[in-house]
Amino acid sequence: MRRFIVTFLILLFFCAPLLPAADLHSWKDQILYFVLLDRFSNGDPGNDHDVDLRDPYAFHGGDIKGLVNRLDYLQNLGITGLWVSPIFENRQPRFFKHSSYHGYWVWDFWKPDSRFADEQDLELLQKSLKKAKMRLLLDMVVNHMGYDAPFVQANPDWFNHNGNITDWNDKFQLVNHDIFGLHDFASKEPVVKTFFKLVGRHWLRKLNPDGFRLDAVKHVPEEFWQEFNQEMKCAGGSAFMLLGEYLDGNPDSLLKTWQTGGFNSMFDFPLYYTIKEVFAERQDCRKLASRLYFDRNYPDAGM
């Protein structure tokens with residue numbers, strides 16, 4: 001009996017939600033605004049680095065303070081929630097002529113990029129969103145690290161070393177090769193799975209987001225998503241959103257990954273591609289009706 005109680009308490013500790021319970025379906029009522037942080041609003045010129053508004057490849061100075069300063073503006077547009085681009089520390093020097101203003105060349109998953117925010121700025125964002133009753137969807141990158149990241153040299157066994165994807169129709173390459181030279185995590189390894197579970201919980205405690213937008217779903221094995229998403233549901237509570245970016249026009253593939261990976265919702269890329277075909281390429285409008293009819297197969301096409 002004592003062993004049972006101890007085991008129960010351990011499970012309770014690891015699975016106790018870090019966020020209050022709410023209704024997942026309440027996401028249907030939200031109007032989300034995507035904020036590419038560097039390009040939105042510069043609230044603190046003191047953290048600018050390599051800023052050049054005339055250069056499309058450079059940083060433009062947007063940051064968390066600028067976002068907080070414009071919350072009233074967003075609310076007046078009817079926005080009820082924000083999807084914010086990755087805020088983790090990114091590559092500092094340019095890669096050839098390109099800067100990491102987009103946030104997807106991560107060097108350190110544990111702290112914010114100083115060009116976007118410091119610890120006080122994160123606290124300000126959390127308090128401001130709570131006061132405004134706005135939701136936060138944080139962009140989470142788990143597939144790769146940025147060019148020349150010191151973390152890769154320190155942990156070479158955590159990564160695949162198969163070179164770039166050359167055949168984008170090859171399932172093995174999609175999951176186990178690099179995307180344009182970005183260091184690809186060996187996501188089937190237990191140490192990598194545990195690492196990202198800890199990263200996810202870290203940001204749940206630090207920033208208290210209402211969900212994660214999960215990047216590059218197609219390039220990460222489904223067994224990783226099963227474990228990671230279950231951990232985040234356990235930690236985040238019943239309304240924690242796990243929104244997957246599965247870039248594929250095949251609704252059957254999207255449905256399989258949605259269900260197997262344990263996502264709450266997915267971007268509807270099959271509908272996007274069909275809209276493009278019908279309206280931009282002047283194909284048969286019946287293709288759109290056929291695509292919408294497939295919605296009946298999704299767990300909840302309204303999410």
Point to revise | OG on Ser238 to NZ on Lys233, rounded to 0.5 Å | key: 11.5 Å

Exercise for review: To the nearest 0.5 Å, tell me how far Asp167 CG sits from Gln173 CD.
Suggested key: 5.5 Å

Exercise for review: Could you pull out all residues at least two apart from Lys65 that satisfy salt bridge (Lys or Arg N to Asp or Glu O under 4.0 Å)?
Suggested key: Asp44, Asp121

Check your understanding: If you link I, L, V, M, F, W and Y whenever their side-chain heavy atoms are under 4.5 Å apart, who else ends up in the same group as Val278?
Key -> Leu271, Ile275, Phe279, Leu288, Leu292

Practice item. Return the orientation label for the Trp168 and Phe180 ring planes: parallel under 30°, perpendicular over 60°, tilted otherwise. Key: tilted

Check your understanding: Do Phe196 and Phe109 make the cut of ring centroids closer than 6.0 angstrom?
Key -> yes

Study note, to complete from the structure: Rounded to the nearest 0.5 angstrom, the CG-CG distance for Asn47 and Asp118 is 8.0 Å

Check your understanding: How long is the gap from OG on Ser114 to CD on Gln92, to the nearest 0.5 Å?
Key -> 5.0 Å

Check your understanding: What distance separates Ile64 CD1 from Leu207 CG, expressed to the nearest 0.5 Å?
Key -> 7.5 Å

Review point. Between OG of Ser187 and CD of Glu227, what distance do you get to the nearest 0.5 Å?
Key: 11.0 Å

Review point. With a 4.0 Å cut-off, would you call Glu231 and Lys193 a salt bridge?
Key: no

Exercise for review: Fit a plane to each ring of Phe151 and Phe159, take the angle between them on a 0 to 90° scale, and name the class: parallel (under 30°), tilted (30 to 60°) or perpendicular (over 60°).
Suggested key: perpendicular

Practice item. Determine, for Tyr147 and Arg91, whether the Lys NZ or Arg CZ falls below 6.0 Å from the six-membered ring centre while staying within 45 degrees of the axis. Key: no

Point to revise | Side-chain touch Trp27/Asn264, heavy atoms, less than 4.5 angstrom | key: no

Check your understanding: Which of these passes side chain to side chain contact (heavy atoms under 4.5 Å, CB included) with Asp184: Asn160, Val152, Ile165, Ile179?
Key -> Asn160

**Study point:** Step-by-step side-chain hydrogen bond (donor to acceptor under 3.5 Å, both in side chains) determination, Arg135 to Ser26
**Key:** CA-CA 11 Å; Arg135 298 195 181 190; Ser26 65; 2.7 Å; yes

Practice item. Quick one: sort the Tyr57 and His98 rings into parallel, tilted or perpendicular, breaks at 30° and 60°. Key: perpendicular

Exercise for review: Assign the ring pair Phe267 / Trp83 to parallel, tilted or perpendicular, where the plane angle (0 to 90°) is split at 30° and 60°.
Suggested key: tilted

Check your understanding: In terms of side-chain geometry, is the basic nitrogen of Lys256 or Asp248 positioned less than 4.0 Å from the acidic oxygen of its partner?
Key -> no

Point to revise | Geometric class of the Phe269/Tyr273 ring pair [parallel <30°, tilted 30-60°, perpendicular >60°] | key: tilted

Exercise for review: Might you work through the side chain to side chain contact (heavy atoms under 4.5 Å, CB included) test for Val217 and Phe263, ending with a clear yes or no?
Suggested key: CA-CA 10 Å; Val217 168; Phe263 297 90; 3.7 Å; yes

Exercise for review: Tell me, with the steps shown, if Ile87 and Trp203 meet side chain to side chain contact (heavy atoms under 4.5 Å, CB included).
Suggested key: CA-CA 11 Å; Ile87 63 172; Trp203 287 100; 3.8 Å; yes

Exercise for review: With sequence neighbours left out, write down each residue that passes side chain to side chain donor-acceptor pair (under 3.5 Å) with Trp107, or none if nothing qualifies.
Suggested key: none

